[in-house]
2 protein chains.
Amino acid sequence: MAPKAGRSRTREFSSLSASIVTTLKDQIVQWRYPPEYRMTEAELCKQFGVSRSPVREALRILATDGFVQRMPNRSYRVKQHNLQEIEELYDVRLALELFVVEQLANRSAPGHDDIAALKRTWTSVLNGLPRKDEELARLDTQFHETLALAAGNKTLLRQLRAINERLMLFRIIDFAKAHRATSTCRQHLAILTFILAKNSAGARKAMQKNIEEGRNNVQSAIKDALARAYSL
Amino acid sequence: MAPKAGRSRTREFSSLSASIVTTLKDQIVQWRYPPEYRMTEAELCKQFGVSRSPVREALRILATDGFVQRMPNRSYRVKQHNLQEIEELYDVRLALELFVVEQLANRSAPGHDDIAALKRTWTSVLNGLPRKDEELARLDTQFHETLALAAGNKTLLRQLRAINERLMLFRIIDFAKAHRATSTCRQHLAILTFILAKNSAGARKAMQKNIEEGRNNVQSAIKDALARAYSL
DNA sequence: GTACTCAGGATTGTATACAATAAGCCCGTA
DNA sequence: TACGGGCTTATTGTATACAATCCTGAGTAC
């Protein structure tokens with residue numbers, strides 16, 4: 001114990017593979033790779049200037065997180081999410097988040113301070129519109145994660161994060177398409193109000209509406225993108 | 001070292017790491033390792049007669065699946081689940097399964113054949129009691145997975161499986177303790193009846209009761225085990 | 001006696017070498 | 001031309017070698 005003062009635990013990446021994972025996730029989410037793109041270990045070794053060991057580890061992680069597809073004894077592919085899978089991801093998200101708001105509305109004691117603080121934040125967001133799309137996306141993610149955190153379930157929060165990470169692939173398409181900031185704000189405030197009023201049914205309904213709207217926006221954005229792709 | 005190329009590899013597992021993962025998961029679930037047990041790569045290499053590469057891969061998988069804990073640059077530990085984490089896992093399971101039965105009750109068309117078949121199965125189970133605990137545990141798992149499958153969400157099913165895999169650590173304690181077969185059967189039949197009657201609220205309530213009972217049984221089993229451990 | 005320093009050993013992180021597997025191509029045959 | 005066998009090559013799976021990191025404990029200064 002009593003580690004030296006100079007032992008600064010830099011919060012950088014402890015390992016090469018972690019760094020590769022975040023970089024690749026970022027690139028994939030930004031559609032820098034075409035879907036079904038074939039990724040070989042050697043290629044990534046050259047790109048990152050490291051050996052196969054960390055690259056392999058990174059690819060395994062990406063595979064379990066659903067960003068690439070692994071076939072035994074063959075290469076990896078950047079995963080092509082189909083509409084079915086997006087539906088499923090949104091449904092899981094719905095299941096988890098409905099549960100969260102219900103729990104929050106039913107029990108009052110812990111977490112309601114965070115909810116009240118969140119409400120103040122979003123009230124000011126509503127008044128201070130507009131902002132950059134990017135900033136709003138960040139706030140939106142933070143909103144949903146704060147709720148899960150207030151519910152006190154770290155496991156659930158982790159799962160939610162993993163889902164949202166993958167959905168980011170498509171939310172990015174949507175964000176670039178239109179800003180619906182006002183609507184989002186109102187929905188978020190409604191959810192928070194219901195929770196504070198301990199109206200769990202209302203909170204569930206409001207959350208459902210919020211998520212379904214996101215789902216629909218993403219779905220139509222994808223269909224648009226596909227239609228455009230085929231018409232050209 | 002120099003594992004003479006006696007390639008009597010069973011073709012069951014495509015890779016060594018997969019085989020190691022299933023073996024270790026099994027051993028951990030059966031409490032063959034004390035919690036917090038320190039697992040080193042070298043030790044597993046000797047145990048399985050392979051090199052570090054597949055062992056490392058297996059440990060990564062076990063870590064992401066929540067069976068061992070990894071610390072950077074240090075060894076791995078067999079994970080010690082605390083009561084808090086078990087609560088969280090049960091809550092996530094609750095969230096997912098409540099969503100599943102609600103969906104199933106709300107929409108009639110697909111899946112209801114499976115539900116009806118499941119109901120027949122469990123009716124016969126109720127009549128044909130008793131069976132071996134082991135068999136009942138298998139049927140119980142199958143019950144919940146069939147529901148998720150009937151809902152048509154493979155992503156959700158995968159997550160549920162992962163959760164139940166971890167909870168198996170504690171359900172094994174409980175299974176050995178008592179058989180509550182009749183109660184389980186009745187609860188399952190109630191859930192299925194509500195679904196077929198398209199009563200989503202009833203189905204949710206019944207499912208909640210079923211899961212909460214499992215949770216309570218596990219909790220008290222753990223407390224008993226801890227109390228016994230400390231009293232000796 | 002306490003706290004600090006600094007070797008030494010143990011263990012993981014990374015790089016590379018070798019083996020096994022799967023895909024592609026050439027070529028021969030009907 | 002169509003088809004199939006076997007070689008070649010690209011790529012992953014596995015083993016091992018080397019580097020970096022962390023824990024331990026003896027030794028020393030105060």
Side-chain angles (χ1 to χ4, degrees), chain A residues 1-24 33-34 36-79, chain B residues 1-24 33-34 36-79:
Chain A
M1 345 220 102
K4 297 193 299 189
R7 179 71 59 78
S8 64
R9 276 237 182 269
T10 57
R11 199 60 211 102
E12 286 180 34
F13 297 114
S14 54
S15 71
L16 293 177
S17 53
S19 147
I20 295 173
V21 166
T22 57
T23 303
L24 285 180
Y33 289 98
E36 305 286 338
Y37 177 80
R38 230 172 130 169
M39 234 178 209
T40 71
E41 297 177 358
E43 167 194 348
L44 294 178
C45 288
K46 214 184 296 177
Q47 181 179 337
F48 288 96
V50 297
S51 79
R52 281 178 61 207
S53 305
V55 163
R56 283 173 67 78
E57 184 179 337
L59 281 171
R60 303 286 158 70
I61 294 171
L62 288 173
T64 62
D65 287 357
F67 286 84
V68 302
Q69 210 162 9
R70 177 187 181 189
M71 353 256 309
N73 287 310
R74 242 168 295 175
S75 322
Y76 294 75
R77 285 192 199 159
V78 174
K79 176 139 190 191
Chain B
M1 15 170 33
K4 188 63 165 57
R7 296 280 161 210
S8 62
R9 292 257 196 288
T10 54
R11 283 295 177 279
E12 193 174 350
F13 298 105
S14 54
S15 73
L16 293 178
S17 53
S19 147
I20 296 173
V21 165
T22 57
T23 303
L24 286 181
Y33 290 98
E36 304 286 339
Y37 179 79
R38 232 176 130 147
M39 231 178 211
T40 70
E41 297 177 358
E43 166 195 347
L44 295 177
C45 288
K46 216 184 294 177
Q47 181 181 337
F48 289 96
V50 298
S51 77
R52 281 178 61 207
S53 304
V55 165
R56 284 172 67 77
E57 184 177 338
L59 281 171
R60 303 287 158 69
I61 295 171
L62 288 173
T64 63
D65 287 358
F67 286 84
V68 301
Q69 209 161 10
R70 176 186 182 192
M71 320 127 103
N73 286 310
R74 243 166 296 174
S75 318
Y76 292 76
R77 285 192 199 158
V78 174
K79 176 138 190 189

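All values derive from a computational prediction rather than experimental measurement.
At the heavy-atom level, Thr40(A) lies under 4.0 Å from the strands shown only through sugar-phosphate atoms. The residue Arg60(A) sits close only to the backbone: its heavy atoms come under 4.0 Å of sugar-phosphate atoms, none of a base. Residue contacts shown for Ser53(B) include a base, since a base heavy atom lies under 4.0 Å away. If you check every strand for non-hydrogen atoms under 4.0 Å, Met39(B) touches sugar and phosphate atoms only.
Rounded to whole angstrom, the span from the CD1 atom of Ile61(B) across to the P atom of dG13(D) amounts to 11 Å. Atom CZ in Arg77(A) sits about 16 Å away from atom P in dA22(C), given to the nearest Å. Whole-Å rounding puts the Leu59(A) CG to dT11(D) C1' distance at 12 Å. Atom-to-atom, CD of Glu57(A) to C1' of dT12(D) comes out at 17 Å; the value is rounded to the nearest Å. The distance from atom CG of Leu16(B) to atom C1' of dT21(C) is 14 Å, rounded to the nearest whole Å. For the pair Glu43(B) CD and dA10(C) C1', the computed distance is 14 Å after rounding to whole Å. If you take CD1 of Ile20(A) and C1' of dG13(C), they are 12 Å apart, rounded to a whole angstrom. Atom P of nucleotide dT14(D) and atom CD of Glu41(B) are separated by 15 Å, given to the nearest angstrom.
In this model, the phosphate group of dG13(C) is approached by a side-chain N or O of Arg70(B) to a distance below 4.0 Å at OP1 or OP2. Phosphate contact (OP1/OP2 of dA23(C), side-chain N/O of Arg74(A), threshold under 4.0 Å): present.
Out of dA15(C), dG13(C), dT11(C), the shortest distance to the side chain of Ser15(A) is found at dG13(C). The listed nucleotides are dG13(C), dT14(C), dG13(D); the one nearest the side chain of Asn73(B) is dG13(C). Set against dT21(D), dT14(C), dT14(D), the side chain of Arg56(A) has dT14(D) as its closest nucleotide.
To the nearest 0.5 Å, the span separating NZ on Lys46(B) from OG1 on Thr40(B) amounts to 8.0 Å.
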Quiz item: Should Arg77(A) and Tyr33(A) be marked as a side-chain hydrogen bond (donor to acceptor under 3.5 Å, both in side chains) after you check the CA-CA gap, both sets of side-chain angles, and the distance that decides it?
Solution: CA-CA 10 Å; Arg77(A) 285 192 199 159; Tyr33(A) 289 98; over 6 Å; no

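Between Arg38(B) and Arg38(A), the one whose closest nucleotide on DNA chain D sits nearer the 5' end is Arg38(A).
Between the side chain of Arg52(B) and the base of dG13(C) there is at least one donor-acceptor pair of N/O atoms closer than 3.5 Å.
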